[in-house]
*Asks:* 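Just passing along the structure, written as structure tokens.
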Protein chains: 2
Amino acid sequence: MYRIDFNDFFTSAFSVDCILFGYSEGEIKALLIKRAMQPFENLWAIPGDLIYPDEDLEQAAERVLFELTGLNNIAMHQSQTFGKPNRHPQGRVITISYFALLRIEDFEVKASSWAGDVQWVSLKNMPDLAFDHNHILSSTYEMLKLKLQNEPICFDLLPERFTLNEFQQLYEFAFEQAFDKANFRKKIKYIPLIAHDEKQQNVKHRPAKLFSFDKSSFEEETKQNRYTFKM
Amino acid sequence: MYRIDFNDFFTSAFSVDCILFGYSEGEIKALLIKRAMQPFENLWAIPGDLIYPDEDLEQAAERVLFELTGLNNIAMHQSQTFGKPNRHPQGRVITISYFALLRIEDFEVKASSWAGDVQWVSLKNMPDLAFDHNHILSSTYEMLKLKLQNEPICFDLLPERFTLNEFQQLYEFAFEQAFDKANFRKKIKYIPLIAHDEKQQNVKHRPAKLFSFDKSSFEEETKQNRYTFKM
DNA sequence: TTAATTATTGTAATTTGGACAATAATTTAA
DNA sequence: TTAAATTATTGTCCAAATTACAATAATTAA
């Protein structure tokens with residue numbers, strides 16, 4: 001059988017795309033940059049760029065995110081790889097998407113390098129993005145929703161201290177569905193939460209108690225087994 | 001900021017690795033080939049090869065699998081991408097892994113191209129594989145186990161007609177755990193099965209009834225919601 | 001002080017889950 | 001022909017989880 005020379009294959013490039021999810025004002029948002037460079041100049045896009053030929057994938061994701069948005073040292077997890085031959089107008093570029101969750105209010109973002117702007121954009125209100133980024137984003141969001149049902153990652157999105165209602169509203173946003181308050185509280189009984197004396201401020205009604213996630217106790221007792229959040 | 005010329009990046013290759021899972025004799029197995037070519041000549045490996053520069057990823061996976069094992073038209077799903085800079089001794093090769101489940105007895109495999117041999121190998125008894133293939137395989141197996149809990153994919157592994165015990169044993173193998181027979185049968189009550197008149201043959205005891213999965217009814221009634229298999 | 005508003009807890013009926021027992025259908029050996 | 005052996009299948013009981021509501025508590029605003 002005829003075989004092409006090995007080196008003929010080394011004509012493609014790889015990129016990473018970094019999907020950052022955050023939560024504020026009752027909505028899950030993604031961090032986007034405005035491209036100040038061709039192709040797709042002036043369109044919003046997921047922060048991403050080419051990987052150096054000798055660079056590890058995860059390292060590349062961290063570096064690229066930092067260069068474009070100023071977010072430093074954000075550990076991301078791989079989601080999926082997108083490789084339609086014509087997805088990049090300038091050549092064959094296969095992109096590996098990474099994602100992370102963070103508390104919007106804990107970080108400051110600042111456009112740099114070829115990013116003209118950076119913004120948190122609600123998933124309810126997503127514009128047309130560069131490349132196949134709408135597809136990448138929605139497919140990663142689906143994965144996020146799956147993970148929300150099986151791992152206690154919602155606490156990476158919520159503020160350190162939150163009310164049980166805020167907790168519930170995050171799930172209601174993600175699953176586009178309302179839950180009964182009393183039953184929601186029963187469902188989370190195996191998630192170790194610390195109840196604080198502190199209460200919600202500046203509300204026009206009875207203030208709710210603030211809670212925080214007890215991560216160490218969760219890990220110790222391997223209650224992972226009991227953590228399910230099928231809605 | 002200094003930017004390298006775009007073309008400097010086009011020095012990497014990408015490959016697909018095709019992980020085929022099957023089930024026979026009470027064990028989950030993976031299809032492996034024996035490499036008849038450098039590097040790692042004579043070692044067992046996941047069937048995989050380089051992707052043509054203008055080829056779609058999924059197509060490449062199907063083509064490569066066919067060329068090496070004779071398995072034709074197998075639809076695979078993407079699992080993960082592996083890209084440590086030194087994972088391939090001959091250059092930067094990032095590999096995208098795909099996987100599929102099939103009934104071993106329904107297909108015939110035959111080594112061809114640079115594959116010297118093809119074998120179904122039990123996951124209980126895995127030798128040292130070429131490249132980082134042990135890592136790729138075990139990480140894909142973990143993903144399979146997750147999926148087994150949330151989607152009715154076990155029926156892609158079982159024969160078309162199976163006993164409830166065979167069904168149970170597949171889960172017992174995957175989760176390395178024994179289940180109570182009576183309770184197992186209660187747990188699957190939302191999975192639509194067709195009970196046939198036919199019975200198990202050639203057993204030395206009361207033969208069990210044969211069942212098959214009622215796929216169309218499963219899809220119609222969107223009982224997906226109720227399908228959970230937390231063990 | 002009271003109405004309005006939301007937080008929090010409770011109740012009762014139903015469904016599910018887990019441990020284990022009982023019964024049924026076959027084969028094999030006596 | 002029959003009884004023992006073996007595995008399939010179904011049933012029971014009790015504890016735990018789920019669901020739909022109802023009741024009570026703590027604030028603010030008028």
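Just so you know, these numbers come straight off a predicted model, no measurement behind them.
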*Asks:* So, does B:Gln200 use its side chain to make a donor-acceptor pair with the main chain of B:Ala208 at under 3.5 Å?
*Replies:* yes
*Asks:* What's the NZ-C1' distance between A:Lys189 and C:dT9, to the nearest Å?
*Replies:*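 After rounding, the reported distance stands at 14 Å.
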*Asks:* Side-chain donor-acceptor contacts of residues 139-147 of chain A below 3.5 Å, not counting sequence neighbours, with atom names and distances?
*Replies:*
| unit_1 | atom_1 | unit_2 | atom_2 | d |
| --- | --- | --- | --- | --- |
| A:Ser139 | OG | A:Gln80 | NE2 | 2.7 |
| A:Thr140 | OG1 | A:Ile136 | O | 2.8 |
| A:Glu142 | OE2 | A:Lys145 | NZ | 3.4 |

*Asks:* Looking at residues 193-204 of chain B, who's got a heavy atom less than 4.0 Å off DNA chain C?
*Replies:*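 Residues of residues 193-204 of chain B under 4.0 Å from DNA chain C: B:Lys199, B:Val203, B:Lys204.
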*Asks:* Is there a donor on the side chain of B:Arg206 or the base of C:dA25 sitting less than 3.5 Å from an acceptor on the other?
*Replies:*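 Side chain to base: no pair below 3.5 Å.
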*Asks:* Each nucleotide N or O in nucleotides 10-13 of chain D that has a protein N or O under 3.5 Å away: list the pair and distance.
*Replies:*
| unit_1 | atom_1 | unit_2 | atom_2 | d |
| --- | --- | --- | --- | --- |
| D:dT12 | O4 | B:Lys186 | NZ | 3.0 |

*Asks:* Would you please name every residue forming a side-chain hydrogen bond (donor to acceptor under 3.5 Å, both in side chains) with B:His196, sequence neighbours left out?
*Replies:*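 B:His196: side-chain hydrogen bond (donor to acceptor under 3.5 Å, both in side chains) contacts with B:Arg161, B:Ser212.
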*Asks:* Would you tell me if any nitrogen or oxygen in the side chain of A:Asn165 comes within less than 4.0 Å of OP1 or OP2 on C:dT6?
*Replies:*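 For C:dT6, OP1/OP2 do not have a side-chain N/O of A:Asn165 under 4.0 Å.
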*Asks:* Once you round it to whole Å, what is the distance between P of C:dT9 and CZ of A:Phe184?
*Replies:*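 From A:Phe184 CZ to C:dT9 P: 15 Å.
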*Asks:* Is the ring pair A:Phe99/A:His77 parallel, tilted or perpendicular, if the boundaries are 30 and 60 degrees?
*Replies:* tilted
*Asks:* Give a yes or no answer on whether the side chain of A:Asp132 reaches the backbone of A:Arg87 with a donor-acceptor pair at less than 3.5 Å.
*Replies:* no
*Asks:* Rounded to whole angstrom units, what separation is found between the CG atom of A:Leu210 and the P atom of C:dA7?
*Replies:*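 Value for this atom pair: 12 Å.
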*Asks:* How many whole angstroms separate atom CD of A:Glu166 from atom C1' of C:dT8?
*Replies:* 16 Å
*Asks:* Assess, by modelled atom type and distance only, whether the side chains of B:Thr69 and B:Lys110 contain a donor and an acceptor separated by less than 3.5 Å.
*Replies:* no
*Asks:* Which of the following nucleotides, C:dT16, C:dG18, D:dA8, is nearest to the side chain of B:Lys187?
*Replies:*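 Looking only at side-chain atoms, B:Lys187 lies closest to C:dG18.
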*Asks:* Regarding B:Asp17 and B:Thr95, is there a side-chain donor-to-acceptor distance under 3.5 Å anywhere?
*Replies:*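 Yes, side-chain donor-acceptor contact under 3.5 Å.
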*Asks:* A:Glu166: which residues meet the side-chain hydrogen bond (donor to acceptor under 3.5 Å, both in side chains) condition with it, sequence neighbours left out?
*Replies:*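 None.
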*Asks:* To the nearest Å, how far apart are A:Leu164 CG and D:dA25 C1'?
*Replies:*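 Roughly 15 Å, once rounded to whole Å.
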*Asks:* Using the ring pair (Phe, Tyr, Trp, His ring centres under 6.0 Å) criterion, which residues pair with A:Tyr23? Sequence neighbours excluded.
*Replies:* none
